[in-house]
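The structure appears below as structure tokens.
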Amino acid sequence: MTTHEKYVKLITERYSSLRNESYEMMGNYDFALLGPEQYKTEASMLVYVEQNPNATLEEVVSYFDKITPDGLAPGDDGADLCVDD
């Protein structure tokens, strides 16, 4: 099983029931489920959710926010911003 498959399975099993609670929870669920693959942080997120089995969905999203650079598009590491012209 790939990292992606493990991560999606774990997030789905733990949190899919929460997505119907509110619009905010649906957004958090979708963000936690889809964001890490797009930003290439799934391996780190998988480690976090495996090591924190009681983490709330909000805590998972908060961790994602912590490890993902602000203002960058998915897959952009910002390296081009560090080069002087």
Side-chain angles (χ1 to χ4, degrees):
M1 188 177 290
T2 67
T3 298
H4 174 71
E5 291 168 335
K6 288 178 189 175
Y7 179 77
V8 167
K9 183 177 188 286
L10 194 54
I11 293 297
T12 302
E13 287 173 352
R14 285 191 193 170
Y15 305 110
S16 65
S17 65
L18 299 176
R19 71 183 199 195
N20 294 322
E21 285 188 11
S22 69
Y23 183 75
E24 180 182 6
M25 288 301 256
M26 181 176 62
N28 283 341
Y29 174 77
D30 289 343
F31 196 71
L33 184 66
L34 304 172
E37 179 185 27
Q38 294 174 358
Y39 283 91
K40 302 185 183 346
T41 57
E42 255 182 343
S44 297
M45 291 297 294
L46 179 60
V47 169
Y48 176 79
V49 294
E50 285 178 335
Q51 291 179 349
N52 296 279
N54 297 319
T56 65
L57 182 55
E58 291 84 358
E59 290 169 334
V60 172
V61 170
S62 178
Y63 181 74
F64 175 79
D65 286 341
K66 180 180 174 183
I67 66 169
T68 304
D70 289 336
L72 297 179
D76 186 352
D77 63 2
D80 60 317
L81 302 174
C82 297
V83 177
D84 290 333
D85 289 331

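- In this structure, CG on L46 lies 6.0 Å from OG1 on T3, to the nearest 0.5 angstrom.
- Residues passing the side-chain contact (heavy atoms from CB on, under 4.5 Å) test with E5 are M1, T2, sequence neighbours excluded.
- Evaluation of the salt bridge (charged side-chain N to carboxylate O under 4.0 Å, His left out) test over residues 52-68, restricted to residues two or more places apart or in two chains, returns none.
- Each ring-ring contact (aromatic ring centres under 6.0 Å, His included) pair with one or both residues in residues 41-64, not counting sequence neighbours, appears once here: F31-F64, Y39-F64, Y48-Y63.
- Between the side chain of S22 and the backbone N or O of M25, at least one donor-acceptor pair lies under 3.5 Å.
- Heavy-atom minimum distance, V61 versus N28: CG2-O, 3.5 Å.
- For residues 14-30, there are no salt bridge (charged side-chain N to carboxylate O under 4.0 Å, His left out) pairs, not counting sequence neighbours.
- When the side-chain contact (heavy atoms from CB on, under 4.5 Å) test is applied to S17, no partner is found at least two apart in sequence or on another chain.
- By the side-chain contact (heavy atoms from CB on, under 4.5 Å) test, T12 is found to be paired with V8, S16, Y29, L33, residues two or more places apart in sequence or in another chain being considered.
- Both L34 and Y7 are assigned to one and the same hydrophobic cluster, defined by single-linkage of ILVMFWY side chains at heavy-atom distances under 4.5 Å.
- Going from atom NE2 of H4 over to atom CD of E42 covers 5.5 Å, rounded to the nearest 0.5 Å.
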(message) As a quick check of understanding, evaluate side chain to side chain contact (heavy atoms under 4.5 Å, CB included) for V60 and I11, giving each step before the final call.
(response) CA-CA 9 Å; V60 172; I11 293 297; 4.3 Å; yes
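- Residues M26 make up the rest of the hydrophobic cluster containing Y23, defined by ILVMFWY side-chain heavy atoms closer than 4.5 Å, directly or through other members.
- Here K6 pairs with nothing under the salt bridge (charged side-chain N to carboxylate O under 4.0 Å, His left out) rule; sequence neighbours left out.
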